[in-house]
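Atom set for the values below is all heavy atoms of this structure, side chains included, hydrogens, waters and symmetry mates excluded. Naming: A, B, ... by sequence-line order, numbering from 1 per chain.
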4 protein chains.
Amino acid sequence: MSEQSNKTRENILKAAMELFAEKGFHETSMAAIAKRAGLGKGTLYWHFSSKDELFKQLISEKGEGLFRQLRELLNQKFSPEKILKEFIRIKLIFMIENRELSQILLNNMQFTDQEFKLKLFQRHKEMVQELQKIIQRGMDEGIFRRGSSRDTAVAIIGMINSMNSILFFEDEDIDITEKVEFLYRMIMCGIKNE
Amino acid sequence: MSEQSNKTRENILKAAMELFAEKGFHETSMAAIAKRAGLGKGTLYWHFSSKDELFKQLISEKGEGLFRQLRELLNQKFSPEKILKEFIRIKLIFMIENRELSQILLNNMQFTDQEFKLKLFQRHKEMVQELQKIIQRGMDEGIFRRGSSRDTAVAIIGMINSMNSILFFEDEDIDITEKVEFLYRMIMCGIKNE
Amino acid sequence: MSEQSNKTRENILKAAMELFAEKGFHETSMAAIAKRAGLGKGTLYWHFSSKDELFKQLISEKGEGLFRQLRELLNQKFSPEKILKEFIRIKLIFMIENRELSQILLNNMQFTDQEFKLKLFQRHKEMVQELQKIIQRGMDEGIFRRGSSRDTAVAIIGMINSMNSILFFEDEDIDITEKVEFLYRMIMCGIKNE
Amino acid sequence: MSEQSNKTRENILKAAMELFAEKGFHETSMAAIAKRAGLGKGTLYWHFSSKDELFKQLISEKGEGLFRQLRELLNQKFSPEKILKEFIRIKLIFMIENRELSQILLNNMQFTDQEFKLKLFQRHKEMVQELQKIIQRGMDEGIFRRGSSRDTAVAIIGMINSMNSILFFEDEDIDITEKVEFLYRMIMCGIKNE
DNA sequence: AATGAATGAGGGTTCATTCAT
DNA sequence: GATGAATGAACCCTCATTCAT
């Protein structure tokens with residue numbers, strides 16, 4: 001695992017990320033990735049055992065950070081409101097810094113490897129459940145209105161994710177704080193005046 | 001176009017719908033569709049000129065209803081709140097009655113035919129813009145709190161769509177009214193107590 | 001075999017002739033023939049057992065005339081020169097009156113049915129041999145210069161056939177007598193002056 | 001483009017040539033070509049983008065030589081007679097050395113790619129026109145008898161081509177000079193004695 | 001480490017042919 | 001006699017994967 005080798009590996013991941021985001025998993029061929037990375041087709045197989053594996057590692061490696069951050073956050077002893085706001089911020093920042101990966105995650109969840117698909121699904125479910133716990137705590141503490149904590153958690157994540165379509169086409173300079181405030185307020189107070 | 005022929009056509013659409021929802025567009029072969037429909041491969045091509053065409057017609061025909069309903073609604077002279085609530089209801093009912101199509105629409109938006117992809121994208125955009133107008137009207141009338149009407153519209157649609165993951169796995173009897181109320185309240189008042 | 005039935009049959013043959021001449025055997029589908037004849041696909045199979053059979057009958061029926069005429073001619077007790085000239089005339093007239101069939105015969109001799117292919121080949125060979133006999137007779141009688149009678153016969157037929165490319169694109173009014181004279185003279189005297 | 005790669009390419013061309021000559025373009029499948037070349041199907045597509053392309057390159061590459069030779073000849077400042085004789089010689093030699101290609105060129109002129117078909121047709125036409133000019137010159141110089149130079153050129157080429165049916169089935173040792181003399185004399189003097 | 005030629009399973013599509021109506 | 005929906009073998013072609021160099 002020399003310096004050079006590692007660099008090549010990153011090149012491949014970068015090329016793959018771009019193409020998967022642009023055209024989706026199935027419409028992207030290994031040949032296309034190799035070409036964009038400026039490498040021979042064979043080289044891809046020296047670094048990744050298969051196209052599926054490449055895709056998985058792409059998602060795992062880059063997505064790991066978000067998952068870890070969120071998990072840490074949810075274990076924090078903050079107030080439900082604070083956790084909620086941070087949850088939004090972390091997801092948004094991730095979406096901005098990883099536009100392509102987000103695009104992939106939100107549009108390509110139908111591919112071959114059932115095991116991996118399940119794993120991602122589990123992870124998503126876990127995230128929902130953790131958020132649900134926070135929501136539940138907020139309800140129990142009388143901070144949040146009573147209701148289905150699961151539906152609420154799902155809806156919150158849906159709202160945040162929906163921003164992807166906006167962020168993906170936006171220019172470089174996005175006022176994250178503003179977007180966070182917007183979402184937080186909408187989740188907390190809704191859109192009704194007063 | 002006899003009675004029988006039309007029935008066959010519907011069979012194909014049904015089989016295709018199921019498989020596309022289950023495994024996605026690319027992972028579904030024409031052979032698999034034919035087999036599930038209990039037909040020969042060639043028959044599919046008597047009714048649809050290509051796999052792309054089959055997919056397009058599937059989405060167009062079945063999706064047309066939702067689009068029309070929503071458009072009618074948005075042209076109604078109702079109050080913004082009423083329109084919002086009806087918007088939610090219509091989308092939810094569609095999602096329940098067309099679980100498979102919804103699944104497809106939310107997970108397969110990356111396929112070959114760029115023209116059709118664009119058309120769907122345009123339609124989605126139009127929907128957002130129409131909802132945005134309603135939101136804007138509500139803001140102008142002092143019913144809704146001021147803010148980005150676009151972000152609000154996108155977030156609302158995101159919330160509604162997020163319910164798909166819940167509805168898709170749910171049993172038959174879902175209390176739609178309850179779900180509508182839940183979403184409407186959450187959108188209007190948020191989750192904060194009081 | 002009613003009047004009507006026979007008419008339908010002729011329609012099919014006509015449509016097939018046109019298409020085979022235009023696009024060749026393999027590039028012409030039964031569907032295309034049916035469409036041009038203004039009939040359903042199934043109807044073709046009521047009149048002809050297969051595409052091959054249709055093609056064969058097309059060639060046989062229409063080509064039979066030429067074959068018979070030539071055979072009769074070659075059995076005549078005319079002088080070699082007269083037979084040669086008549087040979088040319090009959091072939092040319094046939095080519096003009098059956099442009100499409102000639103086009104087919106000269107460009108589609110590579111198709112499936114080996115047996116029929118062989119039959120046509122045999123017929124062609126027989127024609128050559130008969131002409132060869134005439135040539136030989138002419139040589140023996142001192143009318144024609146001595147040489148390979150086979151090569152001569154083949155060359156003569158080649159010359160006549162080559163006119164097809166001219167006749168096919170020519171307008172309606174072709175002076176046959178002139179063309180016959182041209183070929184006859186060229187065959188007899190060559191192109192040298194004096 | 002290594003040594004080996006080039007060899008594989010030639011193998012494919014050789015196998016394709018044989019099969020196209022034997023059975024024609026449409027009756028020859030890519031699978032059959034691959035099998036005869038002792039290669040996998042996919043390999044054909046590494047070297048040629050499609051079956052059409054393979055066919056085109058086959059004809060272009062191998063046919064180019066004849067075309068070039070004839071063009072050079074026709075630009076020579078030789079006497080019309082000499083050019084005519086050389087014309088015959090070059091065509092005959094080509095037909096003997098490229099029996100299969102000649103067979104293909106004379107029997108498969110009805111295939112898909114209209115553009116290429118036109119190109120070949122144009123080339124043929126050009127050849128006729130060039131020969132026609134020579135004939136015309138001969139007529140003007142009083143060497144050849146007056147008449148339609150076009151018909152004469154077409155007839156000459158027809159005669160030469162007709163030899164293909166003889167050469168194709170002939171054994172290895174053909175006396176080219178004799179055949180050339182035969183054709184030349186027949187064209188010049190015809191078959192009449194004296 | 002890297003390459004590109006080679007492979008073949010698999011997929012979309014065509015089309016001659018059949019057959020119930 | 002006529003039709004057109006249905007069929008499936010056969011075809012062209014793609015592409016993930018392998019491997020000798």
Nearest-nucleotide check on DNA chain F, B:H47 vs C:W46; residue mapping nearer the 5' end is C:W46

### Query
Mind checking whether B:M17 and B:N98 have side chains closer than 4.5 Å, heavy atoms only?
no

Any cation-pi pair here, D:K51 with D:Y45, using under 6.0 Å and within 45°? no

- In terms of ring plane angle, is the pair C:H26 and D:H26 parallel, tilted or perpendicular, where the classes change at 30° and 60°? parallel

Given protein heavy atoms under 4.0 Å, the one-letter contact record of nucleotides 12-21 of chain E, with B base, S sugar-phosphate only and - none, is simply SBB-SBB---

>> Using a strict threshold of under 4.0 Å (side-chain N to carboxylate O), is an ion pair present between D:R123 and D:E64?
In response: yes

Item to complete: Please determine if a side-chain N or O atom of A:T8 lies less than 4.0 Å away from the OP1 or OP2 oxygen of E:dA1.
Response: no

Quiz item: Thinking salt bridges, do A:E22 and A:R36 make one under a 4.0 Å N-O criterion?
Solution: yes

Does some side-chain heavy atom of B:F20 sit less than 4.5 Å from a side-chain heavy atom of B:Q103? no

When rounded to the nearest 0.5 Å, the distance separating CG of C:L66 from CG of C:L101 is 8.5 Å

Here the distance between atom C1' of F:dC15 and atom CG of A:L54, to the nearest Å, is 15 Å

From NZ of D:K35 across to P of E:dG8 the rounded distance in Å is 13 Å

In whole angstroms, the gap separating P of F:dT7 from CD1 of B:I33 amounts to 15 Å

*NA contact type, D:L44, heavy-atom cut-off 4.0 Å: base, sugar-phosphate, or nothing?*
nothing

Rounded to whole Å, the CD-P distance (D:E10 to E:dA6) equals 13 Å

Rounded to whole Å, NZ of A:K23 lies from C1' of F:dT14 at a distance of 13 Å

Nearest-nucleotide check on DNA chain F, C:G38 vs B:G40; residue mapping nearer the 5' end is C:G38

Taking Watson-Crick and G-U wobble contacts under 3.5 angstrom, with | marking pairs to another strand and [ ] crossing pairs, the secondary structure of DNA chain E is written .||||||||||||||||||||

The salt bridge (charged side-chain N to carboxylate O under 4.0 Å, His left out) partner of A:K62 among A:E97, A:E10, A:E100 is A:E10

Q: May I ask you to verify if any side-chain N or O of B:S5 is less than 4.0 angstrom from the OP1 or OP2 atom of F:dG4?
A: no

Residue set satisfying salt bridge (Lys or Arg N to Asp or Glu O under 4.0 Å) with D:K41, at least two apart, ordered chain then number -> none

